[in-house]
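Comments concern the structure below.
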Amino acid sequence: MRTIRAGVLYEPNQPIRVEEVQLDDPQAGEVMVKIAAGGVCRSDLHAINGEWRMPLPMVLGHEAAGVVEAVGPGVTRVKPGDRVILNFSPNCGVCRYCVSGKPHLCETTRKYPLGVLPGGGTRLSKDGQPIYHFARTASMAEYTVVHESGAVPIPADVSMEMAALVGCSVTTGIGAVINTAGVEPGSTVAVIGCGGVGLNIIQGARLANASQIIAVDISEPKLEMARRFGATDDVDASEADPVQRIREMTGGGVDYAFEALGTGATVTTAFDCLRPGGTAVIAGTATAVSGNVAQKQHAKANVAQQQQAAQQAAAQTQTDVEQMQQQLAALQMQQAQATITPVAPAAPAPAAGGDLITQLKQLADLKAAGILNDAEFEAAKAQLLGG
Ligand SMILES: NC(=O)c1ccc[n+]([C@@H]2O[C@H](COP(=O)([O-])OP(=O)(O)OC[C@H]3O[C@@H](n4cnc5c(N)ncnc54)[C@H](O)[C@@H]3O)[C@@H](O)[C@H]2O)c1
Ligand SMILES: [Zn+2]
Ligand SMILES: [Zn+2]
C-alpha cells in the first residue's frame with residue numbers, strides 16, 4: 001500500500017478535494033500505473049454535477065496515460081516500465097462479447113458495479129473507508145491500479161499528452177464513426193457538440209471519407225477548430241435552428257447524426273436532423289440521456305425510420321488503439337504535408353564498415369511513409385552513394 005495524492009469527489013456539485021489517500025498494491029491480474037498525463041472529459045463533469053450518479057467518494061479521471069510501476073501476480077500483457085494508455089473498458093477476453101469483437105460490452109466486467117475494479121472491491125481508501133474508482137481507472141491521481149486489460153501499451157514515440165487523449169476522446173469519437181456507425185464513403189454526417197469527442201467524430205468521418213461533415217456547436221472557437229479537424233460546414237446553434245439548417249444544407253437531412261454533449265435537447269436534434277432511414281449515434285452520456293433516447297426511438301418507429309442509439313460508442317482494445325494510432329498518423333501526415341515545407345534530412349553517414357543496403361532501405365522507408373518526396377529521396381540516395 002502507498003499514500004498518494006488524488007482528486008476526490010465527496011458530493012455532487014462540490015469542488016473536488018485534492019488530498020492524500022491510500023492505494024493498495026495490485027492484486028492478481030492488476031497493474032499499478034504512475035500517471036504522466038491526463039485530460040478532462042465531460043463524463044467527469046457529469047459525475048461532478050450529479051447528471052451521472054456515481055457511488056461516492058470517488059477518485060475521478062479516466063482519460064490518461066502513464067508508466068507501469070508494478071504488476072500483480074499472473075500479469076502477462078504488460079511489465080514495469082511499459083508506457084500505457086488507460087482503458088476504461090477493461091475486458092475478460094473470453095465472454096461472448098469479447099470473442100465477437102465487442103470487448104467494450106464485456107459481460108464479465110459489467111457484473112461488477114460502477115466504481116469497483118473487475119473482480120470486485122476498491123483499491124483506494126482513506127482512513128479505512130473505501131473510495132471508488134471512476135470508470136475503473138481513477139486517473140486524477142499520482143498512481144492508480146487497474147485491471148491489466150485497462151493498461152494498453154503504446155510505442156515510445158507517442159507523447160504522453162497525445163496518448164492520454166487516445167484514452168477516451170479519440171477512441172470514442174473515431175470508434176463511434178468506424179465501429180458503431182460504420183459510416184460509408186460519401187455519407188453526409190452531422191456532429192452535434194464539437195468538444196473532445198465531437199472533434200474526433202469529425203476526424204473519424206474524414207477517415208471514413210464522408211462527403212459532408214456538418215459541425216454544430218454554440219461556441220465560435222469550437223466551430224473554428226471543427227473546421228481545422230475536417231468539418232466541411234458548420235452551424236452555430238446559438239444563432240440558428242440546427243435541424244432546419246442541416247435539412248437545408250443536405251436537401252432533407254443527414255445519413256448519420258452524432259450527439260456528443262449529453263443533453264436531452266441535443267439528442268432530439270440528432271434524431272430530428274436525419275434523412276428517412278438515417279442513423280443517430282448517441283455518444284453523450286448522462287442519466288437524462290437514456291430516457292430521451294428511448295422516447296425518440298419510440299416516436300420515430302411510427303414513421304418507419306431506422307435509428308440506432310449507441311451509448312457505448314467506444315471500443316477500446318489494443319487492436320483499436322493500434323489501428324487508430326495508424327489512422328491518425330496518416331491524417332497527421334496529410335496535414336503535415338499540407339502545412340510544413342519538408343526539409344530533407346541529411347543522409348546518414350555510412351558507419352565504419354556500415355551497411356549501405358540497410359541505409360538505402362531506411363531512405364526507401366522514409367519515402368514510402370511520405371516523409372521524403374521523390375526529389376529528396378534521389379538527392380539523399382546520391383549523397384549516400386557518394387554521388
Ligand atoms: N460513449 C462513451 O464511451 C463516451 C466517452 C467519452 C465521453 N462521452 C460523453 O460524450 C459527451 C461529450 O463529451 P466531451 O468531453 O466531448 O464534452 P465537451 O464538453 O468537451 O464538449 C461538448 C461540446 O458541446 C458544445 N455545446 C454546448 N451546448 C451545445 C448545444 N446546445 N448545441 C451544440 N453544441 C453544444 C460545447 O460548446 C462543447 O464544445 C459527454 O456526454 C461525455 O460524457 C461518452
Ligand atoms: Zn471520457
Ligand atoms: Zn468479456
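Counting starts at 1 for both ligands and their atoms, in listed order. One is the number of the first residue; the rest follow in order along the sequence.
Between V191 and F229, every side-chain heavy-atom pair lies at or beyond the 4.5 Å cut-off.
Taking the ring centre of Y10 as origin, the terminal cationic atom of R17 falls inside the region bounded by 6.0 Å and 45° from the ring axis.
Close contacts between ligand 1 and A260 involve ligand atoms 11 (C), 12 (C), 22 (C) [criterion: under 4.0 Å to a heavy atom]. The ligand atoms of ligand 1 that sit less than 4.0 angstrom from a heavy atom of G196 are 16 (O), 20 (O). Close approach to C41 involves these atoms of ligand 1, each under 4.0 Å from a residue heavy atom: 6 (C), 7 (C), 15 (O). The ligand atoms of ligand 1 that sit less than 4.0 angstrom from a heavy atom of C194 are 23 (C), 39 (O). Set against the non-hydrogen atoms of C168, the atoms of ligand 1 under 4.0 Å away are 5 (C), 6 (C). Applying the 4.0 Å criterion to heavy atoms of K222 picks out, from ligand 1, the atoms 38 (C), 39 (O). Residue-ligand proximity, G262 to ligand 1, at heavy-atom distances under 4.0 Å covers atoms 41 (O).
Closest approach of G115 and T122 over heavy atoms only: O-CG2, 4.1 Å.
Close N/O approach between T266 and ligand 1 is not found [any backbone or side-chain N/O within under 3.5 Å]. Ligand 1 has an N or O atom lying under 3.5 Å from an N or O atom of S43, backbone or side chain.
Side-chain atoms of E20 do not come within 3.5 Å of backbone N or O of R5 as any donor-acceptor pair. The main-chain N or O of P90 is found under 3.5 Å from a side-chain atom of T109 such that the two form a donor-acceptor pair.
When heavy-atom distances to ligand 1 are checked against a 4.0 Å cut-off, T172 comes that close only through its side chain, counted from C-beta outward.
Side-chain contact annotation: T266 with E259, donor-acceptor N/O pair under 3.5 Å present. In the model, S238 has a side-chain atom that pairs as donor or acceptor with a side-chain atom of D236 under 3.5 Å. In this structure, a donor-acceptor pair under 3.5 Å is present between the side chains of E63 and S169.
Of the candidates P221, G195, S169, it is G195 that places a heavy atom closest to atom 18 (P) of ligand 1. In this structure, of D217, D44, V281, the residue bringing a heavy atom nearest to atom 38 (C) of ligand 1 is D217. Among S89, S238, A283, A226, the residue whose heavy atom lies nearest to atom 9 (C) of ligand 1 is A283. Between atom 22 (C) of ligand 1 and the options L261, N200, L199, the minimum heavy-atom separation is to L261.
Rounded to 10°, the angle formed at the Zn ion (ligand 3) by SG of C95 and SG of C92 is 110°. With the Zn ion (ligand 2) as the vertex, NE2 (H62) and SG (C41) define an angle of 110°, rounded to 10°.
Screening T279, L274, T188 against D255 for a side-chain contact (heavy atoms from CB on, under 4.5 Å) leaves a single residue, T188. Of the candidates I192, V197, V177, V177 is the only one forming a side-chain contact (heavy atoms from CB on, under 4.5 Å) with F258.
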